[in-house]
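Everything below concerns the one structure shown next.
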Amino acid sequence: MLSLQNRKDILFLSILAAILLIVLPMGLDAFRLNLIGKYLTYAFVTIGLVACWGDSGILSLGQGIFFGLGGYCMAMFLKLQASTLEATKNQSTPGIPDFMDWNQITALPWFWKPFHSLSFSLIAMMVIPAVLAVVIGAAMFKRRVGGTYFAIITQAIASVLTILIVGQQGYIGGVNGITDLRTLDGWDIRTDHAKYILYYAGVVLLLACLLLLRFVRKSKLGRILRAMRDQEDRVRFSGYNVANFKIFIFALAAAMAGIGGALFTLEVGFMSPTFVGIVPSIEMVIYCAVGGRNSLVGAVYGTLLVNWARTSFSESFPEIWTFAMGGLFIAIVLFLPGGLASLYQNYIDPYVCRILKGNGRQTSHTVDKAI
Amino acid sequence: MTIQNDPLLSVENLSVSFDGFKAVDDLSFQLEKGEIRVIIGPNGAGKTTVLDLICGRTKATSGSIQFEGRELTRLKEYDIVRAGVGRKFQTPSVYEDLTVFENLEISYPSGRSVFEALFFRRNKEIIDRIKEISEMIFLDNQLDRKAADLSHGQKQWLEIGMLLIQDPALLMLDEPVAGMTVSERVRTAELLQRIIQSRSVLVIEHDMGFVEKIAHRVTVLHQGRIISDGSMEHVKNDPKVVEVYLGH
Ligand SMILES: Nc1ncnc2c1ncn2[C@@H]1O[C@H](COP(=O)(O)OP(=O)(O)OP(=O)(O)O)[C@@H](O)[C@H]1O
Ligand SMILES: [Mg+2]
């Protein structure tokens, strides 16, 4: 017999899967479903924030960096696919992306070349964010930089990366980003049919990431992270190299954010520096806070709800949306620090427990973390 | 080489200053195997700082700390722990979000690297050891409770248990009975008597009754220096000690 917590996890995941795979596709037209698909790509970032911020106390205000890097890896691949000799025969240098040609660049820069390969690009969209996270993490955590200082530094890096991209018009498309993306290995990503497929692929990947994070949180490593969040010195003086654990979870969250970014590029059809900088990074944290920084599924729902609200609001009152979101964040921090997940925990969970109780006896010695 | 009884811990000319303020000043002392040593002294004497220096939390300005022939001042904190030095903090430091069992499990010396921790599995040996320790620290029927729900005294015991499970050769306790009830103090004294069999213990304590019960030898610290050292009887009657500490 599975423990109560495991049965709950199965229930939560099934409900989420049913909503995303059945209810929403049946109830929404292709356009709206694609919007949901876009929101879900942010959820890859927010579930990583649950592991980093909620579990481990590492607040990164720069997750847009990793989302953006993943997105750019995918965009570079797609752009090369769209820049065939045939399609670019009117350029002064055919065969290179159009924005390079406009900026008088006459040969494909070296760092673009590997992105001809799909498998390289798929690996790069996870590995490049993860490697950068390891570098940032090693520089910060080994020097015991944490808390607010870490958050500010991640902001600074996000800002630097945006400036870097904007300044490199010729090499990576500058402020316009990389646009006019068409096919993935010959498969047109702009059709409604493709959007459905991409939506489902996104959901399946998100569920896979949720399962992976569930495994991590339930492992001893997950317990060490929570121990570290509350009593870092106690963990350090129990023989652990605390910095390595932080680097690991930060890099894992970065890799997931990279996957989200790559999917975003596929679903939206372009990538630009607006998704890299400080503003999107902070918004991701708000989604996570609203959903509940200690709940993986809570963070997914939070992401969907805030973005849905944004879309509905900003259609009618674009100017007050920013204020509404700021107000929402302050309200959550003040009155509901556990986010929507804590509402569930307080009001609904007791009933769910009663229904699921059955004869499952718990002898695990463990405070299981809900998914 | 003659066979001689080397001290377990040997501190020589240890000093540390914080912005010119000498918290520990040219300190030297030795700790034998199987010895319970208590450090006493007024607030701000530098007692906690001495423990911080030994476990690597604070870096010494000068001096050396030899432990079983190894120089601790050059090791990383986790290497000092792995070498066999366990340290309890002045304020109880347990993982409130985890159960007593999980608290002890994290302290069990295995699965300490990232990947070992990720794929760590409980085995019978570990579970048995956790049960054994939980009996010693009077928490054997509290294993499934969250540490946040323990009483202050129980948290102190739990933290001692978290050190014991690592089986350190040197155990350092910073005010282990602070905030305990009288009966809890008695049990803690028994606990310490029981656990010293195979190790040395360095204790900081203000409770003189408790010190008298457990100490083999007492060192009195004042303004970062040792002002008296010896048996409880000797220290108690030392006029310098009476003046700066016991007289109050
Ligand atoms: N990291 C630090 N930076 C600056 N000053 C420090 C630091 N650690 C300790 N001190 C100072 O060193 C002195 C000794 O402090 P310590 O905590 O060792 O005293 P103590 O003997 O443990 O006192 P108590 O009985 O109150 O616990 C104090 O004046 C304290 O303010
Ligand atoms: Mg102290």
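Throughout, protein chains are lettered first and strands after them, A, B, ... in sequence-line order, and every chain is numbered starting at 1.
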Query raised in the report: Looking only at atom types and distance, does a side-chain atom of Arg234(A) sit under 3.5 Å from a main-chain N or O of Pro92(B), one as donor and one as acceptor?
Result: no

Query raised in the report: So how far is it from Lys220(A) NZ to Ser110(B) OG, rounded to the nearest 0.5 Å?
Result: 5.0 Å

Report summary line: Honestly, the part of Val235(A) sitting under 4.5 Å from a heavy atom of chain B is both

Query raised in the report: Between Gly239(A), Ala227(A), Gly222(A), which has the largest tally of heavy atom pairs under 4.5 Å with chain B?
Result: Gly239(A)

Report task. State whether the number of non-hydrogen atoms from other residues, nucleotides or ligands found under 6.0 Å of Tyr149(A) atom OH is greater than 12. Result -> no

Requested in this report: Under 4.5 Å, counting heavy-atom pairs only, tell me which of Arg87(B), Glu116(B), Met162(B) racks up the most with chain A.
Outcome: Arg87(B)

Report task. For the pair Phe237(A) and Phe89(B), name the ring-plane relationship: parallel under 30°, tilted 30 to 60°, perpendicular over 60°. Result -> perpendicular

**Report entry** Phe245(A) versus chain B, the contacting section by heavy-atom distance below 4.5 Å
**Finding:** both

**Report entry** Region of Leu163(B) that comes under 4.5 Å of a non-hydrogen atom in chain A
**Finding:** side chain

Report summary line: Interface check, chain A: of Arg82(B), Arg112(B), Arg121(B), Glu96(B), most non-hydrogen pairs under 4.5 Å belong to Arg112(B)

Query raised in the report: Quick one: CD on Glu105(B) to CD1 on Ile224(A), what's the gap to the nearest 0.5 Å?
Result: 8.5 Å

Query raised in the report: If you count heavy-atom pairs under 4.5 Å with chain B, which of Ile249(A), Asp233(A), Val216(A), Ile247(A) comes out on top?
Result: Asp233(A)

Query raised in the report: Any chance NZ of Lys124(B) has more than 12 other-residue heavy atoms, nucleotides or ligands included, within less than 6.0 Å?
Result: no

Query raised in the report: Does CZ in Phe115(B) sit with more than 12 non-hydrogen atoms of other residues, nucleotides or ligands closer than 6.0 Å?
Result: no

Report summary line: dist Leu252(A):CG -> Leu118(B):CG (nearest 0.5 Å) comes out at 9.0 Å

Query raised in the report: Non-hydrogen atoms of chain B under 4.5 Å away: do they reach the side chain of Asp230(A), the backbone, both or neither?
Result: side chain

Query raised in the report: Taking all non-hydrogen atoms of both residues, which atom of Tyr108(B) and which atom of Tyr240(A) are closest, and how far apart?
Result: O-OH, 4.4 Å

Query raised in the report: Measuring from Asn103(B):CG to Gln231(A):CD, what's the distance to the nearest 0.5 Å?
Result: 9.5 Å

Report summary line: Under 4.5 Å to a heavy atom of chain A? For Val94(B) that would be backbone

Query raised in the report: Which residues from residues 67-81 of chain B are near chain A, with near meaning under 4.5 Å between non-hydrogen atoms?
Result: Glu77(B), Tyr78(B), Val81(B)

